[in-house]
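Here is the structure we will look at.
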Amino acid sequence: MLDSVAHSSFLPNTSFCDPLMSWTDLFSNEEYYPAFDHQTDADSNCLKTSGIKSQDCHSHSRTSLQSSHLWEFVRDLLLSPEENCGILEWEDRDQGIFRVVKSEALAKMWGQRKKNDRMTYEKLSRALRYYYKTGILERVDRRLVYKFGKNAHGWQEDKL
DNA sequence: AGCGAATTTCCTGGTT
DNA sequence: TAACCAGGAAATTCGC
């Protein structure tokens with residue numbers, strides 16, 4: 001269960017989900033999520049220079065939030081300030097500690113990824129808590145704060 | 001068709 | 001009080 005990152009290795013253009021399609025491309029594809037109310041926080045206005053400076057706008061190839069697993073989705077969002085919209089924020093980049101700034105928006109985004117409009121942060125966080133026992137995440141006793149564990153990979157700055 | 005992993009859903013109870 | 005956190009239990013989804 002650690003090999004799920006068979007990323008953009010070799011995937012013919014015949015797949016329904018183009019692995020190289022960026023999240024924004026996927027999103028602008030509207031027909032994907034018709035019932036999307038545009039009233040909550042960070043929805044589609046991801047153009048608002050998103051608080052983040054131009055610092056680490058490293059356009060790494062991990063632009064596609066196609067990860068099948070929740071933790072990878074979170075990781076990739078954390079690594080993509082362009083798509084992040086300030087939903088997630090690093091607390092300690094080196095230690096892999098991060099905070100969910102906009103819980104509702106995160107749940108909505110995850111719901112979009114899974115095509116589930118009933119997703120909520122309550123349910124998403126339950127899934128995150130299951131990661132504690134597998135070492136994907138480690139517990140941090142601060143509200144909305146999590147930390148990548150020994151079995152999480154691909155989040156470290158010097159390994160990008 | 002059957003299984004297992006990864007959630008998803010629901011819930012009770014405690015905390016901030 | 002609202003928003004979180006802890007986990008147990010059970011249902012669901014999906015790939016193999």
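Note that the structure is a prediction, hence the values are computed from the model and not measured.
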Considering the terminal five base pairs at each end of the helix from B:dG2-C:dC16 to B:dT16-C:dA2, what angle separates the two local helix axes, rounded to 10°?
-> 30°
Examine C:dT12: is either OP1 or OP2 under 4.0 Å from a nitrogen or oxygen in the side chain of A:Asn116? Give yes or no.
-> no
Which residues satisfy the salt bridge (charged side-chain N to carboxylate O under 4.0 Å, His left out) test with A:Arg139, sequence neighbours excluded?
-> none
What pairs of donor and acceptor atoms, side-chain ones from residues 123-130 of chain A against any protein atom, are under 3.5 angstrom apart with sequence neighbours left out?
unit_1, atom_1, unit_2, atom_2, d
A:Lys123, NZ, A:Arg118, O, 2.8
A:Ser125, OG, A:Tyr121, O, 2.9
A:Ser125, OG, A:Glu122, O, 2.8
A:Ser125, OG, A:Arg129, NH1, 3.4
A:Arg126, NH2, A:Tyr130, OH, 3.2

Quick one: side chain to side chain contact (heavy atoms under 4.5 Å, CB included) partners of A:Lys147, sequence neighbours excluded?
-> A:Gln95, A:Ile97, A:Glu138, A:Val140
Is there a side-chain contact between A:Val74 and A:Phe98, using heavy atoms and a 4.5 Å cut-off?
-> yes
Establish, with yes or no, whether the OP1 or OP2 oxygen of C:dC4 is under 4.0 angstrom from a side-chain nitrogen or oxygen of A:Arg129.
-> no
Looking only at heavy atoms, which two atoms of A:Asn84 and A:Leu78 are closest? And how far apart?
-> ND2-CA, 3.9 Å
Within one Ile-Leu-Val-Met-Phe-Trp-Tyr cluster: A:Tyr132 and A:Val145, side-chain cutoff 4.5 Å = no
Non-hydrogen side-chain atoms of A:Met119 and A:Lys114 separated by less than 4.5 Å = no
Look for any protein N or O under 3.5 Å of an N or O in nucleotides 14-16 of chain B and output each such pair with its distance, or none.
unit_1, atom_1, unit_2, atom_2, d
B:dT16, O4', A:Arg143, NH1, 3.3
B:dT16, O2, A:Arg143, NH1, 2.7

May I ask you to verify if any side-chain N or O of A:Arg139 is less than 4.0 angstrom from the OP1 or OP2 atom of C:dG7?
-> yes
Distance check: side-chain N/O of A:Trp110 vs OP1/OP2 of B:dT7, anything under 4.0 Å?
-> no
Determine: side-chain N/O of A:Tyr146 to OP1/OP2 of C:dC5, distance under 4.0 Å, yes or no.
-> yes
Report the relative orientation of the aromatic rings in A:Trp155 and A:Trp90; use parallel for angles under 30°, tilted for 30 to 60°, perpendicular for over 60°.
-> tilted
Nearest non-hydrogen partners of A:Ile136 and A:Ala152, listed with the distance | O-CB, 3.3 Å
What's the closest nucleotide to the A:Ser103 side chain, out of C:dA6, B:dA6, C:dC4?
-> C:dC4
Any chance you could measure A:Arg75, atom CZ, to A:Phe148, atom CZ, to the nearest 0.5 Å?
-> 7.5 Å
side-chain N/O A:Tyr131 vs B:dT7 OP1/OP2, d < 4.0 Å = yes
Whole angstrom value for the distance that separates P of B:dT8 from NZ of A:Lys108 | 16 Å
Has A:Ser68 got a side-chain N or O lying under 4.0 Å from the OP1 or OP2 atom of C:dC14?
-> no
Specify the residues of residues 120-128 of chain A, ordered by number, for which at least one heavy atom lies under 4.0 angstrom from an atom of DNA chain C.
-> A:Tyr121, A:Glu122, A:Arg126
